[in-house]
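Structure record follows, encoded as structure tokens.
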Amino acid sequence: MTQNPENRLKDSASPYLRSASHQPIDWHEWGTEAFARAQAEDKPILLDIGAVWCHWCHVIDRESYENSEIAGMINKFYIAVKVDRDERPDVDARYQSAISAISGQGGWPLTAFLTPEGKPFFGGTYFPPEDAMGRPGFKRILLGVAESFKARRTEVDASAQALEEAVAKAEVFKTARGDFDAGVVDSIIESALGMFDERHGGFGQAPKFPHASATDLLLERYQSSADKKLLHVAERTLTGMALGGVYDQIAGGFHRYSVDERWCVPHFEKMTYDNSELLKNFLHGYQVTGNPLFRETAEGIVAWVDEVLSDRKRGGFYGSQDADQTLDDDGDYFTWTLAEVRAVVSPEELRVVEQYYDVKSRGEMHHNPEKNVLWVAGDLETISGELKITRPAAGKLLATAKSKMLAARRLRTPVPAIDTTIYVAWNAMFVSAYLEAARVLGREDCREFAVKTLDRMLAEAWEESKGFLHRVGGPRLEGSLDDQIFGVAALLDAYEATLDGRYFDIAQSAMQLAVERYGDPDGGGFFDRAKDAAPMGGMEIRRKPLQDSPTPGANSVAVIVLDRLYGFTGEKLYRQWAEKTLEAFVGLVPQYGLFAATYGLAALLHARHSMQVVILGPAGDPRAVELEKAANDVYRFGKSVLRVTPETLAKTSLAPALRETLPHLDAMKAQALICVETTCYPPVTQPDKLKELLMS
């Protein structure tokens, strides 16, 4: 063990790894040093994968990794490796698959036992230090695995080899290839409808996670079919989440998931990737229904992100906000006792808050029964009647109470930690979400911040020869497929918002690099690691991500951006790669069902082609403004809205397909035209007519 009281993680770029630098374990970061030492000393590797926002990761740290007796066992029998799953999603994905195959469960912390070559042979998630909760104790496991490795080495190696081969076979989808048929979307929708929780909204039972792509898929299919059942499922789901405790009713933003089926008690960490996709979800729900609750929820996400999760000065969205203030609580920062509420609101406000948010002397938190999760239990119409006041008066009392409670909450210390790491893929997702918010909500500030963030990504995390890195700032960290594909999507969205040809040119360059470095020219689709990436160590498995887990599947998003690029350029290579990618997975999509919802969106877009809605007219022309608003008011997946002025045409910054069409039109006249597959329909001048065409 190192002599320094701080172990070698003290200099890590990862806040999760640095948080373990005081532990009495000789931790290594993932890399060649750890594997070389394991092989030289012929010891198994103990792999811990977690994240700074993960509650149970902190628990196992405190209970086991800070325990001197357990640390002694680990240092004696193992080479210890700690991985930040946000920093190394490629490592996490492979070992999650392997340990799930062994134990039937995955998640964080992931605790895996590997051969010196990095092949897993045993593992699980959280283990208590002693036998408890129906789980074997970590001490017993450490001793037992070490003994098995020593006494039955041949069996261990054979088992590890067989497991790696099984995972490799499952990850590349060799048996899934088939002819593309858009009818496969029906199986995904049937899966979503079959898992729908009629009573509370959402899909499945406890624990309940958001499935943003599934909701978007239902909304898009409703727009083309007018099937009211699809709208009901989407509306009920969005409403359940917006009114539940999984949404931060005081400050805005969504927690990661709900531990119950009612969306009431969440796991309190807040993730960038959840909030970016849910922001788009609620924007789309508002476009389709006009429900003010959905707009209010979208505005709440933006407000929280602006305040807590973004670098306002330089641009960039932070990785996450932790659930807890200390290791001893579970969401205490976000929850309220009745006494805490009484201390900050007036008696009149309290009467509204008690009924509206179901605040009682006994709340929902098991570890502290006095703590209440705020969720919307009543409606102001009923509450105002019972209190014998007007509804506007009740609304005003609620608003002032919320303001006071938020101010009081901001004074609580310590504030749950914020991981200020700026990950490229997650930032690209939020760039796209903020640009959508700018359109739907008329938020110019969202557009400006999105562009500032993208410019920072290009300045600090873009390489001409390799594309996007994984992280903005810190030691260089090789990008993944997610970084490239979500980056292309953000670049296209920024091009549509600004008509700055630089973004379009880089989007094409990034997609070309993705095809060359990540694409499978034979089997179709894209691998998550570049073919020229540095050796990963451990499980050198080529993996094609399809499942939405938890972010949209990168191969499905690749199809979407390829088809968008085809719509802008007419370049057949884009269309061919999109189709090959769809074909690579089509045979297994029905088995994934709800968890392949982004594939469903990609399939629908591929079948009907992307739409570019071009609004012509002088800057500030009120008729052009009305047409642009009409275009932005309608939700159709894959729709682009481009505002073109006479000055824009003069700059020749248009994408190739548009460049061939638009110069023949009078840009001084306020008009709109819809272009599909490099063909533009006749211009229209009436906003209602434009909406009608978009819906058809």
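Here the structure is a predicted model, which means the values were calculated and not measured.
You'll find the side chain of Phe486 reaches within 4.5 Å of the side chain of Pro552, heavy atoms only. Between Gln321 and Val415, the closest side-chain pair of non-hydrogen atoms falls below 4.5 Å. Taking the side chain as every heavy atom from C-beta outward, Ser549 and Phe595 never approach each other to under 4.5 Å. Looking at Trp56 and Val59, their side chains come closer than 4.5 Å, going by heavy atoms from C-beta outward. Contact of the Asn275 side chain with the Phe430 side chain is registered, since non-hydrogen atoms from C-beta on lie closer than 4.5 Å. Residues Leu350 and Val341 are in side-chain contact: their nearest non-hydrogen atoms beyond the backbone lie under 4.5 Å apart. In this structure, the side chains of His267 and Val259 come closer than 4.5 Å at one or more pairs of heavy atoms. In this structure, Gln612 and Glu496 have side chains that are not in contact, with every pair of non-hydrogen atoms separated by 4.5 Å or more.
In terms of heavy-atom proximity, Ala437 sits nearest to Leu279 at CB-CD2, 4.5 Å. The nearest pair of heavy atoms linking Phe334 to Ala323 is CE1-O, 3.6 Å. When all heavy atoms are compared, the tightest approach of Leu693 to Ser696 is O-OG, 2.8 Å. Contact between Gly106 and Gln96 at its shortest, heavy atoms only, is CA-OE1, 3.5 Å. Across Asp84 and Tyr423, no two heavy atoms sit closer than the pair OD2-OH, 3.9 Å. Taking each heavy atom of Ala298 and Leu441 in turn, the nearest pair found is CB-CD1, 4.5 Å.
Relative orientation of the Tyr592 and Phe173 rings is tilted, given thresholds of 30° and 60° on the angle between their planes. A perpendicular orientation is assigned to the rings of Phe449 and Phe317, their planes being inclined by more than 60° (bins at 30° and 60°).
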Any chance you could lay out the side chain to side chain contact (heavy atoms under 4.5 Å, CB included) test for Val302 and Cys446, step after step, and finish with the verdict? CA-CA 8 Å; Val302 171; Cys446 288; 3.8 Å; yes
Residue pair Phe294, Tyr286: steps toward the ring pair (Phe, Tyr, Trp, His ring centres under 6.0 Å) verdict: CA-CA 5 Å; Phe294 299 162; Tyr286 175 65; 8.3 Å; no
Step by step, work out the side chain to side chain contact (heavy atoms under 4.5 Å, CB included) result for Val352 and Leu380. CA-CA 8 Å; Val352 177; Leu380 288 178; 4.2 Å; yes
Which is it for Asp332 and His367 under the side chain to side chain contact (heavy atoms under 4.5 Å, CB included) test, yes or no, and what are the steps along the way? CA-CA 10 Å; Asp332 284 356; His367 78 291; 2.9 Å; yes
Mind running side chain to side chain donor-acceptor pair (under 3.5 Å) on Thr598 and Asp548 for me, showing each step along the way? CA-CA 7 Å; Thr598 307; Asp548 299 336; 2.9 Å; yes
Give the intermediate values and the outcome of side chain to side chain contact (heavy atoms under 4.5 Å, CB included) for residues Ile189 and Leu217. CA-CA 8 Å; Ile189 290 177; Leu217 179 61; 4.0 Å; yes
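Atom CH2 of Trp108 is separated from atom OH of Tyr16 by 11.5 Å, given to the nearest 0.5 angstrom. In this structure, Phe637 CZ and Gln223 CD are separated by 13.5 Å, a value rounded to the nearest 0.5 Å. Tyr357 contributes atom OH, which lies 6.5 Å from atom CG of Leu374 (distance to the nearest 0.5 angstrom). Going from atom CG of Asp528 over to atom CG of Leu546 covers 12.5 Å, rounded to the nearest 0.5 Å. For the atom pair Arg351 CZ and Gln355 CD, the distance stands at 8.5 Å (nearest 0.5 Å). Separation of atoms CG (Leu278) and CE (Met271) is listed at 12.5 Å; rounding is to 0.5 Å.
Judged by distance alone, with hydrogens and angles left aside, the side-chain atoms of Ser100 form no donor-acceptor pair with the main-chain N or O of Ser97 at under 3.5 Å. In terms of modelled atom types and a separation under 3.5 Å, the side chain of Asn372 and the main chain of Lys360 share a donor-acceptor contact. A distance-only check finds a donor-acceptor pair linking the side chain of Asn281 to the backbone of Ala212 [under 3.5 Å]. His284 places a side-chain N or O within donor-acceptor distance of the main-chain N or O of Lys280, the cut-off being under 3.5 Å. Checking side-chain atoms of Lys371 against main-chain N and O of Asp330 turns up no donor-acceptor pair under 3.5 Å.
Looking at Lys270, Arg256, Lys402 one by one, the single match for salt bridge (charged side-chain N to carboxylate O under 4.0 Å, His left out) with Asp248 turns out to be Lys270. When each of Asp329, Thr335, Thr337 is paired with Met365, the side-chain contact (heavy atoms from CB on, under 4.5 Å) condition holds for Thr335 and for no other. Evaluated for a ring pair (Phe, Tyr, Trp, His ring centres under 6.0 Å) with His255, the options Phe268, Trp375, Tyr333 yield exactly one hit, Phe268.
Here Glu364 does not pair with Arg262 in a salt bridge; the nearest charged N to carboxylate O distance is not below 4.0 Å. A salt bridge links Lys629 and Asp633; the closest N-O separation between the charged side-chain nitrogens and carboxylate oxygens is under 4.0 Å. Between Arg636 and Glu220 there is a salt bridge, since a side-chain N of the basic residue sits under 4.0 Å from a carboxylate O of the acidic one. Between Lys208 and Glu261 there is no salt bridge, since none of the side-chain N atoms of the basic residue sits less than 4.0 Å from a carboxylate O of the acidic one. The pair Arg443-Asp445 counts as a salt bridge, with a side-chain nitrogen and a carboxylate oxygen less than 4.0 angstrom apart. Using a cut-off of 4.0 Å between Lys/Arg side-chain N and Asp/Glu carboxylate O, Arg439 and Asp493 are scored as not salt-bridged. In this structure, Asp186 pairs ionically with Arg221, as a charged nitrogen and a carboxylate oxygen lie closer than 4.0 Å.
The closest side-chain donor-acceptor pair between Thr400 and Glu349 falls under 3.5 angstrom. Looking only at atom types and distance, the side chain of Asp483 has a donor-acceptor partner in the side chain of Ser480 under 3.5 Å away. With 3.5 Å as the limit, one finds a donor-acceptor pair spanning the side chains of Tyr434 and Asp306. If you check the side chains of Asp324 and His55, you find a donor sitting under 3.5 Å from an acceptor. Checked by atom type, the side-chain pair Asp86/Trp53 shows a donor-acceptor distance below 3.5 Å. For Asp419 and Thr421, the side-chain atoms include at least one donor-acceptor pair closer than 3.5 Å. Under the 3.5 Å distance criterion, with hydrogens and angles disregarded, no donor-acceptor pair is assigned to the side chains of His200 and Asp260. Side-chain contact annotation: Asp563 with Ser610, donor-acceptor N/O pair under 3.5 Å absent.
Here Phe282 and Phe254 bring their ring centres to under 6.0 angstrom of each other.
In this structure, Arg412 is positioned above the aromatic face of Trp336, its NZ or CZ under 6.0 Å from the six-membered ring centre and within 45° of the axis.
Shown here are the disulfide bond (SG atoms under 2.5 Å apart) partners of Cys54, two or more places apart in sequence or in another chain: Cys57.
Summarising the local packing, CD of Glu370 is surrounded by 12 or fewer heavy atoms from other residues, nucleotides or ligands at distances under 6.0 Å.
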